[in-house]
Amino acid sequence: MLDREYDPKDIEQKWYKLWLEKKYFHADGNDDAKPPYSIVIPPPNVTGVLHMGHALNNTLQDIMIRYKRMDGFNALWMPGTDHAGIATQNVVEKDLAAKGLSRHDLGREAFIEEVWRWKEKHGDLIINQLKRLGASCDWDRIRFTMDEGLSNAVRRVFVTLYNEGLIYRSDYIVNWCPRCHSALSDLEVEHEEEEGFLWHIRYPLAEGNGEVVVATTRPETMLGDTCVAVNPKDERYAGLIGKQVVLPIINRSVPIVADPFVDMEFGTGAVKVTPAHDLNDYEMSLRHNLEIIVIMDESGVMNENAGPYKGMDRFECRKRLEQDLQEQGYLIDKTPYKVPVGKCYRCKTTIEPYLSKQWFVRAKPLAEEAIKAVKEGKTRIIPKQWEKTYYEWMYNIRDWCVSRQIWWGHRIPAWYCENCGEIIVSEENPTACPKCKSDNLRQETDVLDTWFSSGLWPFSTMGWPDETKELQKFYPTNVLITGFDILFFWVARMMMMGIKFMHAVPFHDVYLHALVRDEQGQKMSKSKGNIVDPIVEMDKYGADAFRFALSAFAAMGRDVRISDKRIQGYRFFINKIWNAGKFVMSNIEGFDPRSVSVDAGSLSLADAWILTELNKAIRATRSALEEYRFNDAADILYQFTWHTFCDWYIELSKPLLNTEAAPYTKWTLCHVFRSILELLHPMIPFVTEEVWQNLPGSPEESIVITRYPREDSELDFPEKALKMGYIIDIISGVRSIRGETNIPPSTQLDIVLRMKSKEIEAAVSEYGFFVRDLARVKSIGLIPEGAPRPKHCALAVTGEAEVYVPLEGVIDIDKEKDRLDKQIAKLEKELEGKRKKLSNKDFLQKANPEVVEEQVKIKDELELKLGKLLKAHELLEG
RNA sequence: AGGCACGUAGCUCAGUGGGAGAGCACCACCUUGACACGGUGGGGGUCCGGGGUUCAAAUCCCCGCGUGCCUACCA
């Protein structure tokens, strides 16, 4: 028997523990009887804490995997965490800093050990939070991107790509974070517009009196200028090309060159060129064989090439330089200007374009295959609108900078021979240079971008490069569920790597869900203080309510707006289920569902109706889940559970439970309610298990492994369901009159019905008690069609009946007149539109005949209803 | 600069060619033996503006206006 109120806390823990003990979540690699179904988790950062995005993402995955598991699949949900190079290193460095230490104090090896210790200590926090959410991952298989197996995969991939010329090492301008002291890929830079300035600076000619004025948003880079460029077509500067100008302050002479890249319209049409600190300038320097001068160190501090500014931070330098230029008369103009600025996605520090030697993946050839796979439908991107974004990025893909100057991560398997300069890239640590046999080898200190290893996730987690039974069975995975924000970061790279190394796409479907925002649609951030903490929500309302809220809002627009209040709303839904459970249980005590065999003949109208409705709900839910329409699935089940089952069927069952048909009603109550729990289980696993366990005659030891409901044609009774529908309409009609004319619920009514057909009249005669009970009616009179209408009555017109409620002595007749007036006005407006449409010759000629027919039918119905209402109004007059 | 979305009831959003919908909020009534975390009934909308296609447009097309987001080597 269930407690008075539903209390999630103990119940959630109890069941999750049992599910683990029973190993329900474990997918058996040797089970060949069931078809496989697999999902790999987007691995959260090992240092992470569960946020709303994780909660949404993992709830959706759990819904799919639980659904498929129940539906007879060998379902594998592969879990794990990501080592998150920069993020994790930052966290541990911060921790050290609190003790007054830097990573350099420890040295590389000791620092890495420290990170591992940190991981051991805090790494399972987010895993436990996922368990709290109810995630049914196969925890026996949990992986970490730095595990030995996965690290081997990384090495294999790196070496293979290098040997095929798809990885190369080169000097290039990269996005440098002066705070993280590392290069970043293009994707790891966030672009923002900042309020800045456009400075106009005078560069005097080396010989003679002329000058060239350049415009720049970053005056400090002037110190590294190696030329000034103008457009060859620009007549203003035609005579100056080839001459020298002198850089103010540092008095270095640089040439004026002509390059078509220069936009004549912008600024003065003359560009200062700083090859070491700007990508365009770098490329221009290659075209003109220019000198390259690096003016900052890796912390963004000016170096010896900056002359008097050496040792200053880049922004301090800008200020001082501006002052000096001003004083010495070189600064001509300074106007406010919106400047695009790149920021480090980890620490928001302004990125410095910086010339350095880095490792790159040649992305184009890999991208081509990844594009093809989607074009050919081998992988579907859902919703489809994202396909275009995917193509757009893939077509314009640039080489991927994969080296990072940090310590935590997969160290690049490359060695440099100190003797002959040979580069050795190998899976095994080399002992001697293959070229000069020297053993004086130095290993590359850079590590790989975290996304490099994440890109291998769908197959590295399954044991690749070994040929495992898991790979054979579960690769490609069925679906990847993730946020659209990492479409390029992760999805695109898994596609490239999966196709390259497995010769098959990593997943058949990619479902991209929205980002979670706050009530006002704002991105959640600590600084805004608008963070909704999943753990807090689960503490307050339970994991089920929280999960249901997430699935209900999953596909609404592009954002998921979550608020405490909405979660509370679904908490009420959980409680509703609980209470329905209490009702069902108390009424079927001692009843064995297996003692009854149901058939069309034995079932009452209400039983037949709800069973038919159940079939509809099953069909709709399944198709919603198959198409990842999580919100639809949630809506359908919310509606069916609350309004169809609780509001109508439970109420209808009450009178039935006192009749001799009671066993059938008990059976139906039990069957439908059990089905509801099973249908809902993937979304709200805990409460459904608790209630389900209390129902008699459950086929399995847990709802987790019971069969997901399927449509049952044996339990489909459309004719009876239709009749039940008519009776429901009559009840609604009476209630409506009662409500609108303010007849108190305590007043028992006498009503008179006039039915369209004998058949329905018979049904109403047999099941009049439904109307009496649910509409609080004392007596039901039946009059034949064509018989005179009773006087002083309120009228409700349904499809199959006219419902008369005598009002004399019951309420104010005028109120009923008002009510009818309103309905008449509404109908007349509608009718007018229809008549107009149907008198339009063009419509009759050109519209689809079925449409015309339907419109005529609607018009007839409206007219009939209107006629009855007008008549009723007349009768009220007396 | 280009791209992708979005603009429907007070709020959050469904609906995507033929009778304007849901949840929450609101109003009225109701302590009926599953549930007041409840029940019953109800009010509320120039479907952003303008033009076009069509017999018919919230729905398709174009142009505005507004709002998000993504991409980009605009000094």
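Naming convention: chains lettered A, B, ... in sequence-line order (proteins, then strands); numbering from 1 in each chain. In this text, all values refer to a predicted model and were calculated from it rather than measured experimentally.
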May I have the distance from [X] (atom [atom1]) to [N] (atom [atom2]), rounded to whole angstrom?
{"X": "A/N848", "N": "B/C55", "atom1": "CG", "atom2": "P", "value": "14 Å"}
{"X": "A/E651", "N": "B/G41", "atom1": "CD", "atom2": "P", "value": "12 Å"}
{"X": "A/F261", "N": "B/C74", "atom1": "CZ", "atom2": "P", "value": "8 Å"}
{"X": "A/N742", "N": "B/C30", "atom1": "CG", "atom2": "P", "value": "9 Å"}
{"X": "A/F573", "N": "B/A36", "atom1": "CZ", "atom2": "P", "value": "17 Å"}
{"X": "A/E830", "N": "B/A20", "atom1": "CD", "atom2": "P", "value": "6 Å"}
{"X": "A/F488", "N": "B/A72", "atom1": "CZ", "atom2": "P", "value": "8 Å"}
{"X": "A/Q639", "N": "B/A14", "atom1": "CD", "atom2": "P", "value": "17 Å"}

Applying a 4.0 Å non-hydrogen cut-off, can you work out what [X] is touching in the nucleic acid: base, sugar-phosphate, or nothing?
{"X": "A/D263", "value": "base"}
{"X": "A/Y541", "value": "nothing"}
{"X": "A/L487", "value": "nothing"}

Modelled atom types, side-chain donor and acceptor of [X] and [Y], under 3.5 Å:
{"X": "A/K272", "Y": "A/T274", "answer": "yes"}
{"X": "A/Y345", "Y": "A/E188", "answer": "yes"}
{"X": "A/D564", "Y": "A/Y541", "answer": "yes"}

Expressed in whole Å, how much space separates the [atom1] atoms belonging to [N] and [M]?
{"N": "B/C62", "M": "B/G19", "atom1": "C1'", "value": "29 Å"}
{"N": "B/A72", "M": "B/U67", "atom1": "P", "value": "24 Å"}
{"N": "B/C63", "M": "B/G2", "atom1": "P", "value": "13 Å"}
{"N": "B/C6", "M": "B/A14", "atom1": "C1'", "value": "14 Å"}
{"N": "B/G17", "M": "B/A58", "atom1": "P", "value": "13 Å"}
{"N": "B/G45", "M": "B/G21", "atom1": "C1'", "value": "11 Å"}
{"N": "B/G64", "M": "B/G7", "atom1": "C1'", "value": "14 Å"}

Phosphate contact ([N] OP1 or OP2) by [X] side-chain N/O below 4.0 Å:
{"X": "A/Q855", "N": "B/G19", "result": "yes"}
{"X": "A/S746", "N": "B/U32", "result": "no"}
{"X": "A/W642", "N": "B/G39", "result": "yes"}
{"X": "A/K582", "N": "B/A34", "result": "no"}
{"X": "A/Y570", "N": "B/C37", "result": "no"}
{"X": "A/K826", "N": "B/G44", "result": "no"}
{"X": "A/K654", "N": "B/A34", "result": "yes"}

Nucleotide nearest [X] when distance is taken to its side chain, options [options]:
{"X": "A/V851", "options": "B/G18, B/A75, B/G38", "value": "B/G18"}
{"X": "A/F553", "options": "B/A75, B/G19, B/U12", "value": "B/U12"}
{"X": "A/R398", "options": "B/G19, B/C55, B/A72", "value": "B/A72"}
{"X": "A/N579", "options": "B/A75, B/C35, B/C69", "value": "B/C35"}
{"X": "A/K388", "options": "B/C35, B/C4, B/U71", "value": "B/C4"}

Quiz item: Do the ring planes of A/F673 and A/F645 sit parallel (below 30°), tilted (30 to 60°) or perpendicular (above 60°)?
Solution: parallel

Exercise. Compute the centroid of each ring, for A/F360 and then for A/W400, and state whether the two points are separated by less than 6.0 Å.
Key: no

Quiz prompt | Centroid separation A/Y638 to A/F573 less than 6.0 Å | solution =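 Between A/F573 and A/Y638, which both carry aromatic rings, the centre distance is below 6.0 Å.
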
Quiz item: Got A/Y395 and A/Y390 here, is their nearest side-chain heavy-atom distance under 4.5 Å?
Solution: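 When only atoms from C-beta onward are counted, A/Y390 and A/Y395 do not touch, as no gap falls below 4.5 Å.
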
Quiz item: Looking at B/A75, does its base get a donor-acceptor pair with the side chain of A/E265 below 3.5 Å?
Solution: no

Quiz item: Do the side chain of A/K576 and the base of B/C35 come within less than 3.5 angstrom through a donor-acceptor pair of N or O atoms?
Solution: yes

